Amino acid sequence: MKNLATREEKDAALSGRLSLAHDLDGDGPMNVLLVDDIYETGASLDAACLVLRECEKIRHIYVAALTWRRPR
């Protein structure tokens with residue numbers, strides 16, 4: 001992903017690449033915490049959230065992103 005320049009390129013690269021096993025343990029509803037090591041455009045987190053929202057067992061999605069980048 002880091003080699004792709006635009007949000008549109010990243011969205012296209014992620015399209016259809018993420019899925020969720022719908023046989024999650026427990027009855028739900030569940031809360032989910034996504035942790036991302038880099039946040040630049042938010043494309044990967046958006047894609048993950050779209051997939052997670054399709055699962056009826058998931059109530060809330062929380063996100064933590066930790067980023068440190070050297071100036072260009």
Side-chain angles (χ1 to χ4, degrees):
M1 297 294 292
K2 64 182 177 182
N3 296 328
L4 300 176
T6 67
R7 172 66 189 253
E8 291 76 21
E9 290 174 323
K10 292 176 183 187
D11 287 342
L14 288 165
S15 179
R17 301 282 181 153
L18 301 178
S19 62
L20 178 68
H22 284 279
D23 58 345
L24 297 173
D25 290 338
D27 295 329
M30 302 175 195
N31 296 324
V32 174
L33 172 63
L34 292 176
V35 179
D36 199 352
D37 64 337
I38 261 192
Y39 185 89
E40 191 170 343
T41 63
S44 59
L45 287 174
D46 281 347
C49 287
L50 285 173
V51 171
L52 289 169
R53 285 186 190 118
E54 294 175 4
C55 182
E56 62 279 350
K57 291 184 179 182
I58 295 175
R59 177 185 288 162
H60 298 292
I61 303 168
Y62 299 94
V63 173
L66 308 168
T67 302
W68 180 79
R69 285 182 43 178
R70 292 183 182 166
R72 295 181 188 194

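Treat the numbers as computed from the prediction; the structure is a model and nothing was measured. We're numbering straight along the sequence, starting at 1.
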Visitor: Would you say the side chain of Leu20 lies within less than 4.5 Å of the side chain of Leu52, judging by non-hydrogen atoms?
Guide: yes

Visitor: To the nearest 0.5 Å, what is the distance between CZ (Arg53) and CD1 (Ile58)?
Guide: 10.5 Å

Visitor: side-chain hydrogen bond (donor to acceptor under 3.5 Å, both in side chains) with Thr41: which residues, sequence neighbours excluded?
Guide: none

Visitor: Can you sort out the partners of Leu18 under side-chain contact (heavy atoms from CB on, under 4.5 Å), two or more places apart, ordered by chain and number?
Guide: Ala47, Ala48, Val51

Visitor: Run the salt bridge (Lys or Arg N to Asp or Glu O under 4.0 Å) test against Arg7 and tell me which residues pass, sequence neighbours left out.
Guide: Asp11, Asp46

Visitor: Is there a path from Leu50 to Leu14 through hydrophobic residues (I, L, V, M, F, W, Y) whose side chains come within less than 4.5 Å of each other?
Guide: no

Visitor: Let me confirm one number: the CD-OG distance from Glu54 to Ser19, rounded to the nearest 0.5 Å.
Guide: 10.0 Å

Visitor: What do the steps show when you test Val63 against Asp36 for side-chain contact (heavy atoms from CB on, under 4.5 Å), and what is the final call?
Guide: CA-CA 8 Å; Val63 173; Asp36 199 352; 5.7 Å; no

Visitor: Within the structure provided, determine whether Leu66 and Asp37 are in side-chain contact (heavy-atom separation under 4.5 Å).
Guide: no

Visitor: Using the salt bridge (Lys or Arg N to Asp or Glu O under 4.0 Å) rule, collect all pairs that involve residues 26-35, keeping only residues at least two apart or in two chains.
Guide: none

Visitor: Under the rule for side-chain contact (heavy atoms from CB on, under 4.5 Å), what residues qualify as partners of Ser15, not counting sequence neighbours?
Guide: none

Visitor: With sequence neighbours left out, what residues match Ala13 under side-chain contact (heavy atoms from CB on, under 4.5 Å)?
Guide: Met1, Leu4

Visitor: Sequence neighbours left out, what passes side-chain contact (heavy atoms from CB on, under 4.5 Å) with Leu33? Give chain and number order.
Guide: Val35, Tyr62, Ala64

